[in-house]
Q: 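Dumping the structure here so I can ask a few things about it.
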Amino acid sequence: MPAPGSSAAGSPAVRSVRAQPTHFPVKLADTVRNLGRPRVLVVGDVILDRYIWGEAERVSQEAPVILLRESKREVRLGGAANVANMLAGLGAQPVVAGVIGDDADGRACRGELEAAGVATGGLIADHSRPTTVKERFLGRAHHRHPHQMLRVDREVRDALGRQVEDALLTRIEQLLPTVSAVLLSDYGKGVLTPRVCAGVIAAAKAAGLPVLADPPGSGDCSRFRGATAVTPNRTETGRAVGKSIETIGDAEAAGKKLVADLDLQHCFVTIDSDGIVLAKRGESGPPTTSCHPTRRRGVADITGAGDVVLAVIGLAAAEGLSPEDQARLANVAGGIEVEKVGCAPVTRDEIVADLLSGGRGGAGRIVEDVEALADLLGRRQASGQTVVFTNGCFDLLHAGHVASLEEASAQGDVLVVAVNTDASVRGLGKGADRPLVPEEQRIAMLAALRAVDYVVPMPDATPHRLLRILQPDVLVKGGTYSVDEIVGKEVVEEYGGSVRPLGVLEGWSTTQIVERIRSGKTPTAPAEASDEDATASPSASDPNGDTVLMRRAA
């Protein structure tokens, strides 16, 4: 199940959605930190994944097939077992209910679950069917990256017999008083029969428990009628409503239909890199929708992404979070999961770090609410990260600026850049025609740089006010400044921070570029600075000067 943050091949372009305000991740990170450790019941198809790794050496002499020389074996949890494993990684107390075979694979699966911290009191051993196992063979040729060569499934997809259904329902009813939420993980292996689903949903609703269901690949959601919510992906949603989901509008319409047709409280339609569409039952009218976008990520592997989305939504529902916050957290966790290889649990610390990472890019890095930024930076400092601050006009952004910012970023974990507003630049005596580039454009260009985490407008002549509010760990300045010449030094050192000059960097000088343009010379190479320039100190009229000077080669 591709999750938020992953890319679906051939997905059409969709309308853009306005990003959340910058202070929003701080509040959500606090919410994650304050989550409890609820006991969550996962019911569904328990699967054991086996991996056989080896070297694909040659073609066999016996048949035209690749000969794989085995190097190692690995066992992982899949299906409902993986959802429970994800919950354990998130700090919940999961208990799994399902059916395994009375065989070695079943015992191995139980052992893996218990080792992961999952209670297995809801597992039923069925003598008439084997434990569902997916065995994958991965070959590496010439010591390169391994590729899956073959998958062998050992399973029975028939629906459970009446006797096993009764035993499973009895076990679930015994567990319900001990849990705060119920998750249904349907991989189409015959465990979640219509009778099992109806019994679980009715019993959970009677106990006041939320029931969240992840439908099978077929998209058949009919057996989840009356549940709190379902979490189908783009493909499953299309199959459920009989229409391809190509746009956010399609997802909204489909979500509304599923809520109405299945008597749901809400529906989470996960649309990979476009985020999650949340459809909610209307209080007095038709269902309403909201779209929760996610940032695009580098996708390593989509395996397990749907499981972690269900797990996060289940954890958040058990803790009483709103459906909107459930969707937002699922976006983050699903995005983290697709950046990993294989089914690897996502932790709360990873979610908090991602929320506070400043990795939203572009407009998401521009902060006008200084108090909100101070709160966010404080969270990052509390987690052990070093905040670096620099400031300047950055008029006519050039290679020297970029080099200086790269070096500034290397001084810590988070780089905050304060940019003089147009009015403050004019007050620095740079000339009646400065700045040449309006502040909105200067800020936008800086926010697009890889080295920069946050950009904040600076309307003051000096950075003193911002430094007192943000209290960065390190104040840096590019150019020929000594420590004593860096404006704001006294403020930073007063609260225990440090001040570091970045030294003389070879690059362009904005002033020199302007002079060359006015003289009709093409600034295709860095202009040579005079010896006087190379040793110049910041002028009293320009305490924030960010000109990057060059020293003439000796």
Q: Within 45° of the six-membered ring axis of Y51 and under 6.0 Å from that ring's centre, is NZ or CZ of R76 located there?
A: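 Yes, R76 lies over the aromatic ring of Y51.
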Q: Compare all side-chain heavy atoms of V416 with those of V456 and state whether any distance is below 4.5 angstrom.
A: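 Heavy-atom side-chain distance check passes, below 4.5 Å.
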Q: Looking at K280 and E324, does any basic side-chain N land under 4.0 Å from a carboxylate oxygen?
A: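 The answer is yes: the pair qualifies as a salt bridge.
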Q: Roughly how far, to the nearest 0.5 Å, is the CD atom of Q93 from the CG atom of L315?
A: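 Rounded to the nearest 0.5 Å, the CG-CD separation comes out at 11.0 Å.
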Q: Are D307 and Y187 close enough, and set up right, to give a side-chain hydrogen bond (donor to acceptor under 3.5 Å, both in side chains), and what steps lead you there?
A: CA-CA 11 Å; D307 293 340; Y187 274 76; 2.7 Å; yes
Q: Start with the C-alpha distance between E74 and I52, add both sets of side-chain angles, then the distance that settles side chain to side chain contact (heavy atoms under 4.5 Å, CB included), and finish with yes or no.
A: CA-CA 7 Å; E74 189 176 1; I52 299 175; over 6 Å; no
Q: Do any N or O atoms from the side chain of D153 and from the backbone of E155 form a donor-acceptor pair under 3.5 angstrom?
A: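 Looks like no, no N/O pair under 3.5 Å.
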Q: Could you walk me through whether D30 and R33 pass the side chain to side chain contact (heavy atoms under 4.5 Å, CB included) test, one step at a time?
A: CA-CA 5 Å; D30 280 343; R33 284 196 182 99; 3.3 Å; yes
Q: In plain terms, say whether D274 and R234 are close enough for a salt bridge, that is, a side-chain N and a carboxylate O under 4.0 Å apart.
A: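 So D274 pairs with R234 through a salt bridge.
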Q: Are side-chain N/O atoms of D103 and T131 paired as donor and acceptor at under 3.5 Å?
A: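 Their side chains do contain a donor-acceptor pair, which is all the 3.5 Å distance test asks for.
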Q: For Q163, is the CD atom crowded, meaning more than 12 foreign heavy atoms sit under 6.0 Å from it?
A: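 Atom CD in Q163 is not packed in, count stays at 12 or less.
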Q: Is there a donor in the side chain of S218 and an acceptor in the side chain of D220, or the other way round, less than 3.5 Å apart?
A: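 No, no side-chain donor-acceptor pair sits under 3.5 Å.
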Q: T228 and Q265: side-chain hydrogen bond (donor to acceptor under 3.5 Å, both in side chains), yes or no, with the steps?
A: CA-CA 5 Å; T228 306; Q265 292 297 317; over 6 Å; no
Q: Which value, rounded to the nearest 0.5 Å, describes the distance between C109 atom SG and L123 atom CG?
A: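 Here the rounded value is 7.0 Å.
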Q: Do the side chains of Y454 and L377 get nearer than 4.5 Å, heavy atoms only?
A: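 Of all side-chain heavy-atom pairs linking Y454 with L377, at least one is under 4.5 Å.
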Q: Please examine the side chains of P457 and I443, heavy atoms only from C-beta on, and report whether any two atoms are closer than 4.5 Å.
A: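 Contact flag for I443/P457 side chains = yes.
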Q: What distance separates D158 CG from K189 NZ, expressed to the nearest 0.5 Å?
A: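 Between D158 CG and K189 NZ, I get 12.0 Å after rounding to 0.5 Å.
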Q: Can a salt bridge be assigned to the pair R110 and E112 using a cut-off of 4.0 Å between side-chain N and carboxylate O?
A: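 Salt bridge: no.
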Q: Tell me whether K134 at atom NZ has more than 12 heavy atoms from other residues, nucleotides or ligands lying less than 6.0 Å away.
A: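 Correct, the count exceeds 12.
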Q: Between the main-chain N or O of T247 and the side-chain N or O of D250, is there a donor-acceptor pair closer than 3.5 Å?
A: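 Side chain of D250 to backbone of T247: a pair is present.
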Q: Taking the side chain as every heavy atom from C-beta outward, state whether V277 and I271 have any atom pair closer than 4.5 Å.
A: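 Yes - at least one pair of side-chain heavy atoms lies under 4.5 Å apart.
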Q: Side chains of L184 and I201, heavy atoms from C-beta outward: is any pair under 4.5 Å?
A: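 They are in contact (side-chain heavy atoms under 4.5 Å apart), so the answer is yes.
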Q: Atom CG of D422 and atom CD of E439: how far apart are they, to the nearest 0.5 Å?
A: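 Answer for the CG-CD pair, D422 versus E439, is 4.0 Å.
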Q: Kindly indicate, with the supporting measurements, whether the criterion side-chain hydrogen bond (donor to acceptor under 3.5 Å, both in side chains) is fulfilled by S128 and D126.
A: CA-CA 5 Å; S128 67; D126 185 354; 2.7 Å; yes
Q: Strictly below 4.0 Å, N to O, side chains only: are D105 and R107 in salt-bridge contact?
A: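 Looking at D105 and R107, the cut-off is not met.
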Q: Passes salt bridge (Lys or Arg N to Asp or Glu O under 4.0 Å), R442 versus E440? Steps please.
A: CA-CA 6 Å; R442 289 184 284 122; E440 293 84 359; over 6 Å; no
Q: Can you tell me how far the CD atom of E319 sits from the CD atom of Q326, to the nearest 0.5 Å?
A: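 Result: 11.0 Å between the selected atoms.
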Q: Please report the interatomic distance CG(L258) to CD(E236), rounded to the nearest 0.5 Å.
A: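 If I round to the nearest 0.5 Å, the distance is 11.0 Å.
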Q: Is there a donor-acceptor pair closer than 3.5 Å between any side-chain N or O of R281 and the backbone N or O of D263?
A: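 Such a contact is found between R281 side chain and D263 backbone.
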Q: Apply side chain to side chain contact (heavy atoms under 4.5 Å, CB included) to L183 and I313, showing your working.
A: CA-CA 9 Å; L183 309 185; I313 289 175; over 6 Å; no
Q: Hey, is the main chain of L192 close enough, under 3.5 Å, to the side chain of R223 for a donor-acceptor pair?
A: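 Answer holds: yes.
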Q: Among L212, L87, L90, L209, whose side-chain contact (heavy atoms from CB on, under 4.5 Å) with V40 holds?
A: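 So the option named by the test is L87.
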Q: Say whether, by atom type as modelled, one donor and one acceptor occur between the side chain of D45 and the main chain of G188 under 3.5 angstrom.
A: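 Between the backbone of G188 and the side chain of D45 there is a qualifying donor-acceptor contact (under 3.5 Å).
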Q: Do I124 and R171 touch side chain to side chain, with heavy atoms closer than 4.5 Å?
A: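 SC-SC contact between I124 and R171 confirmed.
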Q: Thinking salt bridges, do R129 and D102 make one under a 4.0 Å N-O criterion?
A: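 Judged by the 4.0 Å cut-off on N to carboxylate O distance, R129 and D102 do not form a salt bridge.
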Q: Is it true that a side-chain atom of E350 and a backbone atom of T347 form a donor plus acceptor pair closer than 3.5 Å?
A: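 Confirmed, E350 side chain pairs with T347 backbone.
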Q: Is any side-chain heavy atom of L168 closer than 4.5 Å to one of V191?
A: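 Yes - at least one pair of side-chain heavy atoms lies under 4.5 Å apart.
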Q: Mind checking whether V42 and V95 have side chains closer than 4.5 Å, heavy atoms only?
A: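 With C-beta onward as the side chain, the pair stays apart.
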